[in-house]
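These notes are about the structure you will find just below.
Below, each value reflects all heavy atoms present in this structure, side chains not excepted, and no hydrogens, waters or symmetry copies. Numbered from 1 within each chain, the chains take letters A, B, ... in sequence-line order.
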Amino acid sequence: MPSISISPLKEQKIGNLNQGSKASNKSLDRKHWILQQRRSLPIASAERKLVDEVRKNDTIIIVGETGSGKTTQLPQYLFNAGFCRDGKVIGITQPRRVAAITVAKRVAEECDVQLGQKVGYAIRFEDATSGSTRIKYMTDGLLLREALLDPILSRYSVIIVDEAHERTVHTDVLLGLLKKVQGARLKQHKLDKPYANNVVKLDNECHSSNTKFSPLKLIIMSASLDAKGFSEYFGGAKAVYVQGRQYPVDILYTYNPEPDYVDATVITIFQIHLDDNPGDILAFLTGQEEIELVDMLVHERLKQLPEHSRNILTVRIYSSLPSEQQMNVFRPTPSNFRKVILATNIAETSVTIPGVKYVIDPGVVKSRYYNPVTGMESLIIMPISKAQALQRSGRAGREGPGKCFRLYPESEFWKLIDSTVPEIKRCSLSNVVLQLKALGFDDIIGFDFMDKPSRSAIKQSLQELYLLGALTDDCKLSDPVGIQMARFPLDPIYSKALILSREFRCLEEMLIVVAMLSVESIFYSPREKFEEARSAWKKFSSPDGDHLTLVTVFRAAIEYREKIRAATNKENSIDKSLSRWCRDNFINNRSLKHALDVHSQIKVYLEQMDMSLSSCGDDVLQFRRCLTASFFLNAAEKQPDGSYRVKANGQNVQIHPSSVLFRAKPECIIFTELIQTNQIYVRSVSQAWMPELSKYYDAES
DNA sequence: GAGCACTGC
């Protein structure tokens, strides 16, 4: 693999970005400061070299550690070098929404333009771009959606895939797609012969609309030091190394393996607190329960310390925690206190907490595991990868030299796998397969993935899509069902439910169900207020099951919001009131807001497809029929012992105690979630409608 | 009568 290294220390003049705007002294100071900041970034000295490399190569890999400035600077360098001529756009993808927004804001400020003009961003539910946008930050999933409408991504001259080392499903599918697009555009460019039709088929002969396309420049940016995999995948693409800005972190290992990492974490916290210099501690744990346990243990042992040593403040952070409580980690620590942050791997990449000097890494993570044979997903605690260990220790060196305590011997570290198994190899592929089919790739097993998912996982998804009617007998996308399904940004089974519910005249109800099922748990119950929460939920509960219960919650929220809206017009106070309503009813505010967003987004899609919202009103049976027809793959029958047998595969399951049907135990159920913890549970359960069900399982009945 | 890492369209 050819590669070059770039020294970060030499300074070099950078392009003129402040294009003659008059400003006050204060903002001149700010601009001067920004320019200073930009010039001092490690990447600044490499501007000319990088631009040269991009000119010379169609694909390059940029390896840059945190703090190198690659995400904010490179697009500006390329813009100044003329890569946006003829109105072309530089697109930069991010795995996370927050990153796309914050980076775009920063770059807009650096360029001294209004956000949404020259520099903009686009994420689901939010488009801050315009016709004049030339540097566009977006989530990788969104670019995939864009490709459905414009398969050769004709607006873009350059696409930068950032954080590629994270290897999310979206990143992996995007890499495969971009490779094809690049090939197709190059071929077209060389042919130099415009085609009349507007059909593009990427996996075969390249056709395009009657314009000539310039080649697509591809830049893959990764923070992991090993660029080999990316380079090989892109035919030996050149790798360029850019140094980061990171303080040294001392790595300390234990002499022997720790039998109980929770206990070892608590001991290490106190060891640091009593023996080491001031500085906050970040401890990585696997989940909510473990975090609560460690928090309790720390406070217990704190009582045994002399008064003057009790100056520890603990804060917890994990994703299902309400945002107000998440914000606690950013509150300044009282002087003389040491902050101990107990976090899941949300603190690995998504949230950066200032002030951390010590990291405690027990070396484990809770991770999703998918069994393609049973189609079941479960969460298991497993060892992290070397790359992950590196990422964790790096959290101690953001502001100064730090220390990382790995709660395992060094010999164990070397046994860890190099990098985390890409998500695409451990999740259901139904959505991926549907998207690829819609993009024109018919041969999924032969698709050029960077890491191929297992054959059985692909076959399982093809089978499911076929049963849902998205694929024809010869495995092509069906018209119109498959095509419509691919358009919805939903799980394929939910898309199918929407399409079916039109026939059953209950699209309005199904749209609510699908929106509510597409988000994290709607119900929020703090452990200490469990009973209170349960009685608050009672008023929403429906005897028919959890799905109509969700409909009731959604409608109650809308009704409440409209009532407030009638009284005040201020969006701000409407939001506040709705938050209060959520708190009073033990509803997760963030999840509900998300569901409202999904609901309105899908509604627009439905309108575009001329599917009008029809309601079944009080005809609950009609809704149950539709639910049964949509989720017949998820039907289960009661067994003599009160457990259930899934009709499609004979799997034995239990109704989860959180379901409204937990006690009622009807003869036959439909479920929309399957989860394995101590037992195999189904959640979100409704009564099936037998006559409808027998249509799908008539051989048995 | 249980407990769900983290993202994303």
Side-chain angles (χ1 to χ4, degrees), chain A residues 93-100 122-127 138-149 163 166-174 284-293 317-321 343-351 364-369 377-382 384 388 391 420 423-424 426-427 431-432 434-435 438 486-492 494-495 515 518-527 530-531 534 588 591 594 597-598 601-602 605 642 654-663 665 673-684:
Chain A
T93 70
Q94 297 288 329
R96 278 172 297 279
R97 300 157 51 104
V98 209
I123 56 176
R124 188 183 187 182
F125 312 130
E126 230 183 300
D127 186 355
M138 66 198 126
T139 44
D140 41 19
L142 195 94
L143 185 60
L144 275 177
R145 286 276 151 193
E146 254 186 60
L148 286 177
L149 303 173
E163 314 282 8
E166 290 192 22
R167 301 294 305 276
T168 66
V169 184
H170 286 158
T171 302
D172 271 24
V173 175
L174 193 59
F284 286 101
L285 296 156
T286 65
Q288 177 178 350
E289 211 175 3
E290 223 169 76
I291 285 173
E292 283 168 356
L293 178 63
I317 184 163
Y318 46 88
S319 82
S320 60
L321 199 69
T344 58
N345 45 350
I346 191 172
E348 239 173 54
T349 46
S350 305
V351 175
V364 282
V365 65
K366 198 180 277 183
S367 172
R368 177 179 282 157
Y369 171 80
E377 280 181 343
S378 47
L379 289 166
I380 49 170
I381 293 174
M382 54 184 287
I384 56 171
Q388 224 172 342
Q391 174 70 26
T420 313
E423 198 188 357
I424 202 162
R426 46 188 177 88
C427 69
N431 224 343
V432 170
L434 187 63
Q435 293 303 307
R487 282 200 62 191
F488 291 113
L490 293 169
D491 270 358
Y494 294 161
S495 306
S518 296
V519 302
E520 282 294 296
S521 178
I522 285 287
F523 299 103
Y524 168 70
S525 63
R527 183 177 299 208
F530 188 71
E531 282 306 315
R534 223 176 55 169
N588 186 328
S591 300
H594 192 187
D597 281 338
V598 175
Q601 186 193 28
I602 305 296
Y605 280 90
Q654 310 275 344
I655 297 186
H656 194 274
S658 64
S659 169
V660 297
L661 292 182
F662 176 70
R663 279 174 212 275
K665 287 201 176 15
E673 258 181 301
L674 184 70
I675 159 170
Q676 181 169 17
T677 52
N678 291 330
Q679 299 194 60
I680 301 172
Y681 287 106
V682 289
R683 306 194 330 175
S684 303

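Atom CD1 in Ile291(A) sits about 8 Å away from atom P in dA5(B), given to the nearest Å. Atom CD1 in Ile346(A) sits about 17 Å away from atom P in dC4(B), given to the nearest Å. The CD-P distance, from Glu290(A) to dC6(B), rounds to 13 Å in whole Å. Between Glu423(A) atom CD and dA5(B) atom C1' the separation is 11 Å, expressed in whole Å. In this structure, Ile381(A) places its CD1 atom 9 Å from P of dA5(B), rounding to the nearest Å. Rounded to a whole Å, the CD atom of Gln388(A) is 14 Å from the P atom of dT7(B). The distance between atom CD of Gln676(A) and atom P of dA5(B), rounded to the nearest whole Å, is 15 Å. Rounded to whole angstrom, the span from the CD1 atom of Ile424(A) across to the C1' atom of dT7(B) amounts to 15 Å.
Within the 4.0 angstrom heavy-atom criterion, only backbone atoms of the sugar-phosphate kind lie near Arg96(A); the bases stay farther away. Within the nucleic acid shown, Thr344(A) comes within 4.0 Å of sugar-phosphate atoms alone, with no base atom in reach, counting heavy atoms only. Within the 4.0 angstrom heavy-atom criterion, only backbone atoms of the sugar-phosphate kind lie near Ser350(A); the bases stay farther away. Within the nucleic acid shown, Leu379(A) comes within 4.0 Å of at least one base atom, counting heavy atoms only. Within 4.0 Å of Arg368(A), counting heavy atoms only, lies at least one base atom of the nucleic acid. Across all strands shown, Gln288(A) has heavy atoms under 4.0 Å from sugar-phosphate atoms exclusively, and none from any base. Contact annotation for Phe488(A): no contact, since no heavy-atom pair falls under 4.0 Å across all strands.
Within the 4.0 Å cut-off from OP1 or OP2 of dC9(B), at least one side-chain nitrogen or oxygen of Thr139(A) is found. Look at Ser521(A) and you won't find any side-chain N or O under 4.0 angstrom from OP1 or OP2 of dC4(B). OP1 or OP2 of dC9(B) sits under 4.0 Å from a side-chain N or O of Arg97(A). The shortest distance between the side-chain N/O atoms of Ser320(A) and the OP1/OP2 oxygens of dC4(B) is not below 4.0 Å.
Comparing dC9(B), dC6(B), dA5(B) by their closest approach to the side chain of Ser319(A) singles out dC6(B). Of the candidate nucleotides dC9(B), dG1(B), dC4(B), dG1(B) has the atom lying nearest to any side-chain atom of Phe662(A). Taking the side chain of Tyr681(A) as heavy atoms from C-beta on, and the options dG3(B), dG8(B), dC4(B), the nearest nucleotide is dG3(B).
Here the CG atom belonging to Asp140(A) is positioned 4.0 Å from the OG1 atom belonging to Thr171(A), to the nearest 0.5 angstrom. To the nearest 0.5 angstrom, Ser521(A) atom OG is 6.0 Å from Arg683(A) atom CZ. Leu142(A) CG to Glu126(A) CD: the interatomic distance, rounded to the nearest 0.5 Å, is 11.0 Å.
Each of Gln601(A) and Val365(A) has a nearest nucleotide on DNA chain B; the 5'-most of these lies closest to Val365(A). Mapping Gln94(A) and His656(A) onto DNA chain B via the closest heavy atom, the residue that lands nearer the 5' end is His656(A).
A salt bridge links Arg96(A) with Glu166(A): the distance from a Lys NZ or Arg NE/NH1/NH2 to an Asp or Glu carboxylate oxygen falls below 4.0 Å.
For CD of Glu520(A), the number of neighbouring non-hydrogen atoms (other residues, nucleotides, ligands) closer than 6.0 Å is 12 at most.
The base of dG1(B) lies close enough to the side chain of Arg534(A) for a donor and an acceptor atom to sit less than 3.5 Å apart.
Note: Tyr681(A) and His656(A) have perpendicular aromatic rings, judged against thresholds of 30 and 60 degrees for the angle between ring planes.
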